[in-house]
Amino acid sequence: MAVSVTGLILCSAILCGLIWIILYHVKRLRMYKAAAKYPGPVAWPFLGNAYYFTGKNEDILNKIIKLMNTYPSPLRFWLGQRLFFAVYDAEEMKTVFLSPKTIEKEDLYKFARPWLGTGLFTAPASKWRVHRKLILPTFNQKILESFVEVFSAQSQIMVKNMEVEVDGEEFDIFNYISLCTLDIICETAMGVAVKAQTERNSRYVESAKRAFEVIFTRMFKIWLHPDIIFNHTQLGADQRTCVEYLHSLTNDVIQKKKQTFHPVNGKIANSEVVENQPNQRKAFLDLLMELSNNGTKFTDEELREEVDTMMIAGNDTTATVNCFALLMMANFPEIQDRVYQELYDIYGMDDPDDSPIKHEDLHRMEYLERVIKETLRLFPVGPILVRRVVDDLNIGTHTLPKGSSVVLGIFHVHRSEKYWPDPLKFDPDRFLPEEVAKRHPFAFTPFSAGPRNCLGLKYAMMAMKALLGTVLRRYIIKKDHMTPISEMKLKADVMLKPVEPIKFRIERRIPKIGCID
Ligand code: HEM
(Lines give C-alpha, C1' and ligand atoms only; values in the text may rest on other atoms or scores of the structure.)
Protein backbone atom coordinates (compact mmCIF):
# COMPACT_ATOMS: atom_id res chain seq x y z
CA MET A 1 0.00 0.00 0.00
CA ALA A 2 2.89 2.38 1.02
CA VAL A 3 4.55 1.65 -2.35
CA SER A 4 1.46 2.50 -4.35
CA VAL A 5 1.03 5.86 -2.52
CA THR A 6 4.69 6.71 -3.25
CA GLY A 7 4.18 5.61 -6.84
CA LEU A 8 1.07 7.73 -7.10
CA ILE A 9 2.90 10.80 -5.78
CA LEU A 10 5.78 10.16 -8.17
CA CYS A 11 3.43 9.75 -11.18
CA SER A 12 1.59 12.96 -10.25
CA ALA A 13 4.88 14.85 -9.95
CA ILE A 14 6.04 13.58 -13.35
CA LEU A 15 2.65 14.41 -14.88
CA CYS A 16 2.73 17.95 -13.41
CA GLY A 17 6.29 18.37 -14.69
CA LEU A 18 5.25 17.26 -18.17
CA ILE A 19 2.22 19.56 -18.20
CA TRP A 20 4.42 22.45 -17.06
CA ILE A 21 6.95 21.74 -19.85
CA ILE A 22 4.18 21.49 -22.48
CA LEU A 23 2.50 24.72 -21.31
CA TYR A 24 5.88 26.48 -21.20
CA HIS A 25 6.60 25.50 -24.79
CA VAL A 26 3.04 26.21 -26.02
CA LYS A 27 3.36 29.74 -24.60
CA ARG A 28 6.62 30.17 -26.50
CA LEU A 29 5.37 28.58 -29.74
CA ARG A 30 4.99 31.99 -31.34
CA MET A 31 8.61 32.80 -30.57
CA TYR A 32 9.84 29.44 -31.91
CA LYS A 33 7.91 30.00 -35.16
CA ALA A 34 9.34 33.52 -35.53
CA ALA A 35 12.87 32.28 -34.80
CA ALA A 36 12.63 29.63 -37.50
CA LYS A 37 12.34 32.36 -40.17
CA TYR A 38 15.79 33.80 -39.39
CA PRO A 39 19.19 32.51 -40.46
CA GLY A 40 21.55 31.31 -37.74
CA PRO A 41 23.64 28.40 -36.48
CA VAL A 42 22.05 25.03 -35.61
CA ALA A 43 20.67 25.14 -32.04
CA TRP A 44 20.85 22.09 -29.74
CA PRO A 45 17.95 21.12 -27.47
CA PHE A 46 18.15 22.87 -24.05
CA LEU A 47 21.63 24.35 -24.69
CA GLY A 48 20.71 26.25 -27.86
CA ASN A 49 23.98 27.71 -29.21
CA ALA A 50 25.61 28.00 -25.76
CA TYR A 51 28.04 25.25 -26.88
CA TYR A 52 29.42 27.74 -29.40
CA PHE A 53 30.45 30.20 -26.68
CA THR A 54 32.49 27.82 -24.53
CA GLY A 55 36.22 28.56 -24.27
CA LYS A 56 38.18 31.60 -23.23
CA ASN A 57 36.67 35.08 -22.79
CA GLU A 58 38.92 36.47 -25.47
CA ASP A 59 37.42 34.08 -28.03
CA ILE A 60 33.80 35.09 -27.42
CA LEU A 61 33.95 38.42 -29.24
CA ASN A 62 35.63 36.79 -32.24
CA LYS A 63 32.98 34.07 -32.29
CA ILE A 64 30.21 36.68 -32.35
CA ILE A 65 31.98 38.59 -35.13
CA LYS A 66 32.42 35.35 -37.10
CA LEU A 67 28.68 34.67 -36.85
CA MET A 68 27.93 38.17 -38.13
CA ASN A 69 30.31 37.67 -41.03
CA THR A 70 28.61 34.36 -41.89
CA TYR A 71 24.92 35.32 -41.79
CA PRO A 72 23.03 38.39 -43.03
CA SER A 73 21.46 40.73 -40.45
CA PRO A 74 19.35 39.93 -38.45
CA LEU A 75 20.80 36.61 -37.32
CA ARG A 76 19.24 34.30 -34.73
CA PHE A 77 20.91 32.34 -31.92
CA TRP A 78 19.86 30.77 -28.63
CA LEU A 79 21.60 30.84 -25.24
CA GLY A 80 19.75 28.01 -23.49
CA GLN A 81 16.09 29.08 -23.62
CA ARG A 82 16.89 32.74 -24.39
CA LEU A 83 16.36 33.82 -27.99
CA PHE A 84 18.65 36.50 -29.44
CA PHE A 85 18.62 38.41 -32.72
CA ALA A 86 21.80 40.16 -33.73
CA VAL A 87 21.19 43.30 -35.80
CA TYR A 88 24.08 44.85 -37.75
CA ASP A 89 22.52 46.99 -40.44
CA ALA A 90 22.57 50.76 -39.68
CA GLU A 91 18.91 51.30 -40.63
CA GLU A 92 17.73 48.35 -38.52
CA MET A 93 19.91 49.54 -35.64
CA LYS A 94 18.31 52.97 -35.87
CA THR A 95 14.87 51.43 -35.30
CA VAL A 96 16.09 49.45 -32.30
CA PHE A 97 17.96 52.38 -30.74
CA LEU A 98 14.97 54.73 -31.07
CA SER A 99 12.15 52.37 -30.12
CA PRO A 100 10.56 52.49 -26.64
CA LYS A 101 10.04 48.73 -27.06
CA THR A 102 13.78 48.11 -26.67
CA ILE A 103 14.69 50.49 -23.86
CA GLU A 104 14.95 47.68 -21.31
CA LYS A 105 18.39 46.14 -20.82
CA GLU A 106 18.74 42.40 -21.41
CA ASP A 107 18.50 40.20 -18.28
CA LEU A 108 22.21 39.34 -18.67
CA TYR A 109 23.01 42.85 -17.34
CA LYS A 110 21.58 41.66 -14.01
CA PHE A 111 24.88 39.94 -13.38
CA ALA A 112 26.35 43.41 -12.83
CA ARG A 113 23.77 44.22 -10.13
CA PRO A 114 25.70 42.81 -7.14
CA TRP A 115 28.14 45.64 -7.92
CA LEU A 116 26.16 48.42 -9.62
CA GLY A 117 22.71 47.66 -8.16
CA THR A 118 20.08 49.43 -10.23
CA GLY A 119 22.09 52.53 -11.10
CA LEU A 120 21.36 54.09 -14.52
CA PHE A 121 23.36 51.52 -16.49
CA THR A 122 21.57 48.44 -15.12
CA ALA A 123 18.25 50.01 -14.00
CA PRO A 124 14.90 48.59 -15.12
CA ALA A 125 13.15 51.04 -17.49
CA SER A 126 10.64 52.26 -14.86
CA LYS A 127 13.38 53.41 -12.47
CA TRP A 128 15.73 54.48 -15.30
CA ARG A 129 13.18 57.02 -16.68
CA VAL A 130 12.90 58.84 -13.34
CA HIS A 131 16.62 58.81 -12.49
CA ARG A 132 17.84 59.72 -15.99
CA LYS A 133 15.67 62.86 -15.93
CA LEU A 134 17.01 63.80 -12.49
CA ILE A 135 20.65 63.11 -13.28
CA LEU A 136 20.79 64.64 -16.78
CA PRO A 137 21.13 68.29 -15.53
CA THR A 138 24.21 67.33 -13.48
CA PHE A 139 26.03 66.86 -16.81
CA ASN A 140 25.33 70.36 -18.11
CA GLN A 141 27.96 72.37 -20.03
CA LYS A 142 28.86 74.65 -17.13
CA ILE A 143 29.52 71.77 -14.79
CA LEU A 144 31.54 69.95 -17.46
CA GLU A 145 33.62 73.06 -18.09
CA SER A 146 34.43 73.26 -14.38
CA PHE A 147 35.87 69.72 -14.61
CA VAL A 148 38.48 70.61 -17.27
CA GLU A 149 40.77 71.96 -14.58
CA VAL A 150 40.75 68.48 -12.99
CA PHE A 151 41.30 66.74 -16.35
CA SER A 152 44.33 68.97 -16.97
CA ALA A 153 45.87 68.81 -13.48
CA GLN A 154 45.66 65.02 -13.31
CA SER A 155 47.03 64.64 -16.85
CA GLN A 156 49.99 66.83 -15.83
CA ILE A 157 50.71 64.49 -12.89
CA MET A 158 50.57 61.58 -15.32
CA VAL A 159 53.06 63.03 -17.81
CA LYS A 160 55.42 63.77 -14.90
CA ASN A 161 55.18 60.16 -13.72
CA MET A 162 55.95 59.01 -17.28
CA GLU A 163 59.24 60.93 -17.19
CA VAL A 164 61.06 57.78 -16.01
CA GLU A 165 60.20 56.11 -19.32
CA VAL A 166 61.77 58.82 -21.52
CA ASP A 167 64.23 57.32 -24.04
CA GLY A 168 63.71 53.87 -22.49
CA GLU A 169 62.19 50.61 -23.74
CA GLU A 170 58.55 50.19 -24.81
CA PHE A 171 56.29 50.22 -21.72
CA ASP A 172 52.67 49.38 -20.88
CA ILE A 173 50.80 52.69 -21.08
CA PHE A 174 47.56 51.43 -19.48
CA ASN A 175 49.17 51.44 -16.02
CA TYR A 176 49.70 55.20 -16.22
CA ILE A 177 46.46 56.12 -17.94
CA SER A 178 44.11 54.03 -15.82
CA LEU A 179 45.43 55.58 -12.58
CA CYS A 180 45.03 59.04 -14.10
CA THR A 181 41.45 58.44 -15.29
CA LEU A 182 40.67 56.95 -11.88
CA ASP A 183 41.92 60.10 -10.13
CA ILE A 184 39.88 62.17 -12.58
CA ILE A 185 36.64 60.27 -12.05
CA CYS A 186 37.03 60.14 -8.26
CA GLU A 187 37.48 63.89 -8.12
CA THR A 188 34.65 64.71 -10.51
CA ALA A 189 32.16 62.01 -9.50
CA MET A 190 32.77 61.86 -5.75
CA GLY A 191 34.75 65.01 -5.03
CA VAL A 192 37.59 63.18 -3.32
CA ALA A 193 41.26 62.89 -4.11
CA VAL A 194 42.15 59.20 -3.92
CA LYS A 195 45.69 60.05 -5.14
CA ALA A 196 45.93 56.83 -7.12
CA GLN A 197 48.70 58.35 -9.25
CA THR A 198 50.89 59.81 -6.54
CA GLU A 199 50.48 56.87 -4.19
CA ARG A 200 50.47 54.30 -7.01
CA ASN A 201 47.36 52.66 -5.57
CA SER A 202 45.87 50.38 -8.20
CA ARG A 203 43.60 48.25 -6.01
CA TYR A 204 40.48 49.94 -7.38
CA VAL A 205 41.60 49.38 -10.98
CA GLU A 206 42.48 45.73 -10.29
CA SER A 207 39.21 45.03 -8.45
CA ALA A 208 37.09 46.65 -11.19
CA LYS A 209 38.98 44.69 -13.88
CA ARG A 210 38.36 41.36 -12.13
CA ALA A 211 34.70 42.23 -11.44
CA PHE A 212 34.17 42.90 -15.17
CA GLU A 213 35.87 39.65 -16.19
CA VAL A 214 33.61 37.70 -13.85
CA ILE A 215 30.42 39.39 -15.16
CA PHE A 216 31.32 38.75 -18.80
CA THR A 217 32.34 35.12 -18.20
CA ARG A 218 29.04 34.48 -16.42
CA MET A 219 26.96 36.04 -19.22
CA PHE A 220 27.97 33.46 -21.80
CA LYS A 221 28.27 30.36 -19.55
CA ILE A 222 24.63 29.44 -18.96
CA TRP A 223 25.48 26.91 -16.23
CA LEU A 224 26.79 29.85 -14.15
CA HIS A 225 23.51 31.76 -14.43
CA PRO A 226 21.77 30.30 -11.33
CA ASP A 227 23.04 32.09 -8.18
CA ILE A 228 23.08 28.81 -6.29
CA ILE A 229 25.80 27.45 -8.60
CA PHE A 230 27.67 30.71 -9.26
CA ASN A 231 27.99 31.61 -5.56
CA HIS A 232 29.86 28.35 -4.91
CA THR A 233 32.46 28.86 -7.65
CA GLN A 234 35.82 30.65 -7.49
CA LEU A 235 34.31 33.31 -9.77
CA GLY A 236 31.55 33.93 -7.22
CA ALA A 237 34.14 34.25 -4.43
CA ASP A 238 36.26 36.65 -6.53
CA GLN A 239 33.19 38.78 -7.24
CA ARG A 240 32.31 39.02 -3.55
CA THR A 241 35.85 40.13 -2.62
CA CYS A 242 36.07 42.75 -5.38
CA VAL A 243 32.57 44.16 -4.85
CA GLU A 244 33.04 44.37 -1.09
CA TYR A 245 36.13 46.53 -1.62
CA LEU A 246 34.57 48.69 -4.37
CA HIS A 247 31.46 49.33 -2.26
CA SER A 248 33.48 50.13 0.86
CA LEU A 249 35.26 52.92 -0.99
CA THR A 250 32.07 54.62 -2.19
CA ASN A 251 30.18 54.08 1.08
CA ASP A 252 33.02 55.68 2.97
CA VAL A 253 32.89 58.81 0.82
CA ILE A 254 29.10 59.10 1.09
CA GLN A 255 29.22 58.87 4.88
CA LYS A 256 31.97 61.52 5.08
CA LYS A 257 30.04 63.82 2.74
CA LYS A 258 26.89 63.47 4.78
CA GLN A 259 28.77 64.86 7.76
CA THR A 260 29.61 68.02 5.77
CA PHE A 261 26.09 68.38 4.40
CA HIS A 262 24.49 71.66 5.45
CA PRO A 263 20.84 70.85 6.15
CA VAL A 264 19.60 74.46 6.19
CA ASN A 265 20.37 75.68 2.70
CA GLY A 266 20.53 72.14 1.23
CA LYS A 267 24.06 72.65 -0.03
CA ILE A 268 27.09 70.49 0.36
CA ALA A 269 30.09 72.13 1.95
CA ASN A 270 32.76 72.17 -0.72
CA SER A 271 34.40 68.79 -1.14
CA GLU A 272 37.80 68.24 0.45
CA VAL A 273 39.79 68.51 -2.73
CA VAL A 274 38.33 71.78 -3.89
CA GLU A 275 38.07 73.49 -0.56
CA ASN A 276 40.06 76.63 -1.18
CA GLN A 277 39.19 77.12 -4.79
CA PRO A 278 37.23 80.11 -5.93
CA ASN A 279 35.03 78.49 -8.58
CA GLN A 280 33.04 76.37 -6.10
CA ARG A 281 33.28 73.25 -8.27
CA LYS A 282 30.79 70.57 -7.27
CA ALA A 283 31.23 66.84 -7.82
CA PHE A 284 28.47 64.60 -9.24
CA LEU A 285 27.78 63.15 -5.76
CA ASP A 286 27.42 66.65 -4.25
CA LEU A 287 24.85 67.51 -6.89
CA LEU A 288 22.91 64.28 -6.29
CA MET A 289 22.88 64.88 -2.54
CA GLU A 290 21.57 68.40 -3.09
CA LEU A 291 18.81 66.96 -5.28
CA SER A 292 17.94 64.55 -2.47
CA ASN A 293 17.60 67.39 -0.04
CA ASN A 294 15.29 69.22 -2.43
CA GLY A 295 12.76 66.45 -1.87
CA THR A 296 13.75 64.25 -4.77
CA LYS A 297 15.06 61.51 -2.59
CA PHE A 298 17.92 59.21 -3.41
CA THR A 299 18.46 56.70 -0.62
CA ASP A 300 22.05 56.08 0.52
CA GLU A 301 21.99 52.86 -1.48
CA GLU A 302 20.79 54.65 -4.61
CA LEU A 303 23.47 57.30 -4.19
CA ARG A 304 26.10 54.57 -3.99
CA GLU A 305 24.68 52.79 -7.04
CA GLU A 306 24.70 55.95 -9.17
CA VAL A 307 28.18 56.96 -8.06
CA ASP A 308 29.55 53.42 -8.63
CA THR A 309 27.95 53.49 -12.09
CA MET A 310 29.62 56.81 -12.97
CA MET A 311 32.94 55.65 -11.57
CA ILE A 312 32.96 52.59 -13.72
CA ALA A 313 31.27 54.04 -16.82
CA GLY A 314 33.69 56.95 -16.80
CA ASN A 315 37.00 55.35 -15.89
CA ASP A 316 37.80 52.19 -17.80
CA THR A 317 36.06 53.47 -20.94
CA THR A 318 38.11 56.64 -21.35
CA ALA A 319 41.32 54.88 -20.19
CA THR A 320 40.95 52.22 -22.87
CA VAL A 321 40.10 54.66 -25.68
CA ASN A 322 43.04 56.90 -24.70
CA CYS A 323 45.39 53.90 -24.95
CA PHE A 324 44.04 52.90 -28.37
CA ALA A 325 44.27 56.51 -29.60
CA LEU A 326 47.92 56.80 -28.50
CA LEU A 327 48.68 53.47 -30.13
CA MET A 328 47.20 54.73 -33.41
CA MET A 329 49.29 57.90 -33.20
CA ALA A 330 52.42 55.83 -32.49
CA ASN A 331 51.56 53.63 -35.47
CA PHE A 332 50.91 56.59 -37.78
CA PRO A 333 53.51 59.33 -37.05
CA GLU A 334 52.13 61.62 -39.76
CA ILE A 335 48.80 61.71 -37.90
CA GLN A 336 50.61 62.36 -34.60
CA ASP A 337 52.46 65.25 -36.29
CA ARG A 338 49.17 66.78 -37.44
CA VAL A 339 47.75 66.57 -33.93
CA TYR A 340 50.88 68.17 -32.53
CA GLN A 341 50.75 70.96 -35.12
CA GLU A 342 47.22 71.75 -33.95
CA LEU A 343 48.37 71.82 -30.30
CA TYR A 344 51.36 73.94 -31.28
CA ASP A 345 49.01 76.43 -32.94
CA ILE A 346 47.20 76.82 -29.60
CA TYR A 347 50.07 76.66 -27.08
CA GLY A 348 53.26 77.25 -29.03
CA MET A 349 56.17 75.68 -27.18
CA ASP A 350 54.74 76.32 -23.70
CA ASP A 351 54.97 73.38 -21.37
CA PRO A 352 51.64 71.98 -20.02
CA ASP A 353 52.84 72.93 -16.51
CA ASP A 354 53.06 76.61 -17.50
CA SER A 355 49.93 76.79 -19.65
CA PRO A 356 47.59 73.91 -18.84
CA ILE A 357 44.74 73.00 -21.18
CA LYS A 358 41.64 75.09 -20.47
CA HIS A 359 38.05 74.38 -21.43
CA GLU A 360 37.97 77.19 -24.02
CA ASP A 361 40.90 75.50 -25.84
CA LEU A 362 39.12 72.20 -26.36
CA HIS A 363 36.88 73.29 -29.24
CA ARG A 364 40.02 74.31 -31.19
CA MET A 365 41.30 70.70 -31.12
CA GLU A 366 39.28 69.67 -34.16
CA TYR A 367 41.78 67.27 -35.66
CA LEU A 368 42.39 65.57 -32.30
CA GLU A 369 38.63 65.14 -32.03
CA ARG A 370 38.60 63.39 -35.42
CA VAL A 371 41.46 61.13 -34.27
CA ILE A 372 39.47 60.17 -31.17
CA LYS A 373 36.36 59.47 -33.25
CA GLU A 374 38.30 57.33 -35.72
CA THR A 375 39.74 55.43 -32.74
CA LEU A 376 36.22 54.92 -31.37
CA ARG A 377 35.12 53.65 -34.78
CA LEU A 378 37.78 50.95 -34.95
CA PHE A 379 37.80 50.21 -31.22
CA PRO A 380 34.32 50.91 -29.79
CA VAL A 381 34.54 50.08 -26.06
CA GLY A 382 30.94 48.80 -26.22
CA PRO A 383 31.37 46.43 -29.20
CA ILE A 384 27.90 44.92 -28.75
CA LEU A 385 24.91 46.07 -26.72
CA VAL A 386 21.97 43.91 -25.73
CA ARG A 387 18.35 45.00 -25.15
CA ARG A 388 15.11 43.15 -24.39
CA VAL A 389 12.24 43.28 -26.89
CA VAL A 390 9.18 43.95 -24.70
CA ASP A 391 6.72 44.01 -27.62
CA ASP A 392 6.83 42.87 -31.27
CA LEU A 393 9.14 45.27 -33.10
CA ASN A 394 9.10 45.76 -36.85
CA ILE A 395 12.61 46.60 -38.06
CA GLY A 396 11.81 46.86 -41.78
CA THR A 397 11.71 43.50 -43.49
CA HIS A 398 11.55 41.57 -40.20
CA THR A 399 9.66 41.62 -36.92
CA LEU A 400 11.53 40.83 -33.71
CA PRO A 401 9.11 38.93 -31.47
CA LYS A 402 8.16 40.03 -27.95
CA GLY A 403 10.19 38.12 -25.33
CA SER A 404 13.35 37.88 -27.42
CA SER A 405 16.51 40.00 -27.06
CA VAL A 406 18.36 42.07 -29.60
CA VAL A 407 22.14 42.35 -29.92
CA LEU A 408 23.31 45.59 -31.56
CA GLY A 409 26.42 44.79 -33.59
CA ILE A 410 28.25 48.12 -33.23
CA PHE A 411 31.73 46.72 -33.82
CA HIS A 412 30.59 45.00 -37.02
CA VAL A 413 28.91 48.12 -38.45
CA HIS A 414 31.92 50.30 -37.54
CA ARG A 415 34.15 48.03 -39.64
CA SER A 416 31.71 47.33 -42.46
CA GLU A 417 32.77 48.13 -46.02
CA LYS A 418 29.15 49.08 -46.69
CA TYR A 419 29.59 52.28 -44.66
CA TRP A 420 33.38 52.74 -44.49
CA PRO A 421 35.45 52.33 -47.68
CA ASP A 422 38.75 50.59 -46.86
CA PRO A 423 37.42 50.04 -43.31
CA LEU A 424 40.68 48.99 -41.66
CA LYS A 425 42.50 52.15 -42.75
CA PHE A 426 42.95 54.65 -39.89
CA ASP A 427 41.71 57.86 -41.46
CA PRO A 428 40.49 60.63 -39.09
CA ASP A 429 39.26 62.69 -42.05
CA ARG A 430 36.32 60.35 -42.37
CA PHE A 431 34.92 62.64 -39.67
CA LEU A 432 35.17 65.86 -41.64
CA PRO A 433 31.64 67.37 -41.68
CA GLU A 434 31.21 66.81 -45.44
CA GLU A 435 32.12 63.10 -45.05
CA VAL A 436 29.80 62.67 -42.07
CA ALA A 437 26.94 64.17 -44.08
CA LYS A 438 27.31 61.44 -46.75
CA ARG A 439 27.05 58.56 -44.26
CA HIS A 440 24.17 56.81 -42.51
CA PRO A 441 23.94 58.53 -39.08
CA PHE A 442 23.68 55.19 -37.29
CA ALA A 443 26.83 53.77 -38.89
CA PHE A 444 28.81 55.32 -36.01
CA THR A 445 27.39 54.71 -32.53
CA PRO A 446 30.27 54.25 -30.05
CA PHE A 447 28.24 56.00 -27.35
CA SER A 448 25.09 54.02 -28.19
CA ALA A 449 22.19 56.17 -29.48
CA GLY A 450 18.60 57.13 -28.74
CA PRO A 451 17.15 57.85 -25.31
CA ARG A 452 19.38 55.33 -23.48
CA ASN A 453 22.64 56.58 -24.96
CA CYS A 454 25.79 57.41 -23.01
CA LEU A 455 25.20 60.15 -20.49
CA GLY A 456 28.91 60.92 -20.32
CA LEU A 457 29.52 61.50 -24.06
CA LYS A 458 30.56 65.15 -23.73
CA TYR A 459 32.45 64.55 -20.49
CA ALA A 460 34.36 61.71 -22.18
CA MET A 461 35.32 63.75 -25.26
CA MET A 462 36.52 66.67 -23.12
CA ALA A 463 38.47 64.43 -20.73
CA MET A 464 40.14 62.50 -23.57
CA LYS A 465 41.15 65.66 -25.44
CA ALA A 466 42.69 67.13 -22.26
CA LEU A 467 44.63 63.95 -21.46
CA LEU A 468 45.86 63.22 -25.00
CA GLY A 469 46.70 66.86 -25.61
CA THR A 470 48.80 66.99 -22.44
CA VAL A 471 50.72 63.81 -23.36
CA LEU A 472 51.43 64.89 -26.93
CA ARG A 473 52.59 68.37 -25.98
CA ARG A 474 55.27 66.78 -23.79
CA TYR A 475 56.23 63.57 -25.62
CA ILE A 476 56.69 61.97 -29.02
CA ILE A 477 55.27 58.47 -29.04
CA LYS A 478 57.08 55.80 -31.01
CA LYS A 479 56.66 52.13 -31.79
CA ASP A 480 59.46 49.90 -32.98
CA HIS A 481 57.16 47.65 -35.00
CA MET A 482 53.79 48.73 -36.23
CA THR A 483 50.98 46.16 -35.82
CA PRO A 484 48.49 46.36 -38.71
CA ILE A 485 44.95 46.95 -37.43
CA SER A 486 43.80 43.71 -39.10
CA GLU A 487 46.27 41.76 -36.90
CA MET A 488 45.45 43.41 -33.59
CA LYS A 489 43.88 40.83 -31.28
CA LEU A 490 40.87 42.12 -29.35
CA LYS A 491 38.70 40.71 -26.61
CA ALA A 492 35.61 41.82 -24.69
CA ASP A 493 35.42 41.78 -20.88
CA VAL A 494 32.09 43.64 -21.17
CA MET A 495 34.30 46.37 -22.71
CA LEU A 496 36.52 45.99 -25.75
CA LYS A 497 40.17 45.50 -24.81
CA PRO A 498 43.41 44.59 -26.53
CA VAL A 499 44.54 41.01 -25.81
CA GLU A 500 48.18 42.16 -25.54
CA PRO A 501 49.03 45.25 -23.48
CA ILE A 502 49.49 48.46 -25.50
CA LYS A 503 53.19 49.39 -25.43
CA PHE A 504 55.32 52.13 -26.96
CA ARG A 505 58.38 54.28 -26.28
CA ILE A 506 58.42 57.99 -25.52
CA GLU A 507 60.90 60.77 -26.29
CA ARG A 508 60.76 64.29 -24.99
CA ARG A 509 59.24 66.51 -27.67
CA ILE A 510 61.41 69.11 -29.28
CA PRO A 511 59.24 70.96 -31.76
CA LYS A 512 60.22 70.12 -35.30
CA ILE A 513 61.46 72.95 -37.50
CA GLY A 514 58.48 72.43 -39.82
CA CYS A 515 56.08 72.89 -36.92
CA ILE A 516 57.36 76.29 -35.85
CA ASP A 517 56.03 79.33 -37.65
C1 HEM B 1 35.04 56.83 -24.42
C2 HEM B 1 34.23 56.89 -23.42
C3 HEM B 1 32.87 56.27 -23.33
C4 HEM B 1 32.21 55.45 -24.19
C5 HEM B 1 32.71 54.91 -25.54
C6 HEM B 1 30.92 55.16 -23.62
C7 HEM B 1 29.95 54.35 -24.20
C8 HEM B 1 28.74 54.05 -23.62
C9 HEM B 1 27.77 53.15 -24.19
C10 HEM B 1 27.96 52.37 -25.48
C11 HEM B 1 26.70 53.12 -23.35
C12 HEM B 1 25.43 52.30 -23.53
C13 HEM B 1 25.61 50.98 -22.83
C14 HEM B 1 24.46 50.03 -23.03
O15 HEM B 1 23.40 50.40 -23.55
O16 HEM B 1 24.64 48.88 -22.64
C17 HEM B 1 26.99 54.01 -22.25
C18 HEM B 1 26.14 54.26 -21.20
C19 HEM B 1 26.43 55.08 -20.16
N20 HEM B 1 27.57 55.84 -20.00
FE21 HEM B 1 29.16 55.92 -21.26
N22 HEM B 1 30.80 55.83 -22.43
C23 HEM B 1 31.98 56.52 -22.22
C24 HEM B 1 32.27 57.34 -21.15
C25 HEM B 1 31.39 57.66 -20.15
C26 HEM B 1 31.67 58.62 -19.10
C27 HEM B 1 32.94 59.43 -18.98
C28 HEM B 1 30.58 58.62 -18.28
C29 HEM B 1 30.31 59.41 -17.05
C30 HEM B 1 31.13 60.18 -16.45
C31 HEM B 1 29.61 57.68 -18.84
C32 HEM B 1 28.38 57.41 -18.29
C33 HEM B 1 27.46 56.54 -18.84
C34 HEM B 1 26.19 56.23 -18.21
C35 HEM B 1 25.67 56.80 -16.91
C36 HEM B 1 25.54 55.31 -19.04
C37 HEM B 1 24.17 54.70 -18.83
C38 HEM B 1 23.17 55.59 -19.53
C39 HEM B 1 21.73 55.12 -19.38
O40 HEM B 1 21.46 53.92 -19.39
O41 HEM B 1 20.88 56.02 -19.29
N42 HEM B 1 30.14 57.14 -19.97
N43 HEM B 1 28.24 54.58 -22.43
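Atoms within a ligand are numbered from 1 in the order they appear, just like the ligands themselves.
Looking only at heavy atoms of the protein, atom 28 (C) of ligand 1 is closest to Gly456 CA, 3.5 Å. Nearest protein neighbour of atom 3 (C) of ligand 1, counting heavy atoms only, is Phe447 CE2, 3.4 Å. Here the protein heavy atom with the shortest distance to atom 32 (C) of ligand 1 is Ala313 CB, 3.5 Å. For atom 12 (C) of ligand 1, the closest non-hydrogen atom of the protein is Ser448 CB, 3.6 Å. Here the protein heavy atom with the shortest distance to atom 13 (C) of ligand 1 is Phe121 CE1, 3.5 Å.
Below 4.0 Å from some heavy atom of Lys105 lie the following atoms of ligand 1, by number and element: 14 (C), 15 (O), 16 (O). Near Val321, meaning under 4.0 Å from any of its heavy atoms, are these atoms of ligand 1: 1 (C). Residue Leu385 has at least one heavy-atom neighbour below 4.0 Å for each of these atoms of ligand 1: 13 (C), 14 (C), 15 (O), 16 (O). Annotation for ligand 1: atoms under 4.0 Å from non-hydrogen atoms of Met464 are 1 (C). Under a 4.0 Å criterion applied to the non-hydrogen atoms of Val381, ligand 1 contributes the atoms 4 (C), 5 (C). Remark: ligand 1 atoms within the under-4.0 Å shell around heavy atoms of Pro446 are 5 (C), 7 (C), 10 (C).
At distances below 3.5 Å, not a single donor-acceptor pair connects side-chain atoms of Glu374 with backbone N or O atoms of Arg430. With Asp286 contributing its side chain and Ala283 its backbone, the two residues share a donor-acceptor pair below 3.5 Å.
Residue Tyr109 places at least one N or O, backbone or side chain, under 3.5 Å from an N or O of ligand 1.
Residues Lys358 and Asp361 have side chains in contact (heavy-atom distance under 4.5 Å, counting atoms from C-beta outward).
At least one heavy atom of Ala460 sits less than 4.0 Å from an atom of ligand 1. At a 4.0 Å cut-off, at least one heavy atom of Trp128 sits close enough to ligand 1 to count as contact. Heavy-atom separations between Asn453 and ligand 1 include at least one value shorter than 4.0 Å.
Atom 40 (O) of ligand 1 has its nearest heavy-atom neighbour, among Glu106, Met310, Arg452, in Arg452. Nearest-residue assignment for atom 26 (C) of ligand 1 (options Ala189, Gly314, Ala112; heavy-atom criterion): Gly314. Considering Gly119, Ala449, Cys454 only, the shortest heavy-atom separation from atom 22 (N) of ligand 1 involves Cys454.
Taking the ring centre of Phe431 as origin, the terminal cationic atom of Arg439 falls inside the region bounded by 6.0 Å and 45° from the ring axis.
Aromatic ring orientation, Phe147 versus Tyr459: perpendicular (interplanar angle above 60°, classes split at 30° and 60°). The aromatic rings of Trp420 and Phe444 stand perpendicular to each other, their planes meeting at an angle above 60°, with 30° marking the opposite boundary.
Between Phe379 and Arg415, the shortest heavy-atom distance links the atoms CE2-NH2, 3.6 Å. Closest of all the heavy-atom pairs between Leu496 and Thr320 is O-CG2, 3.4 Å.
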For this session: Carefully, step by step, assess Arg210 and Glu213 under the rule salt bridge (charged side-chain N to carboxylate O under 4.0 Å, His left out).
Result: CA-CA 5 Å; Arg210 182 65 189 141; Glu213 279 166 5; 2.9 Å; yes
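Ring-centre distance between Phe212 and Trp115: below the 6.0 Å cut-off.
No more than 12 heavy-atom neighbours from other residues, nucleotides or ligands sit within 6.0 angstrom of NZ on Lys402.
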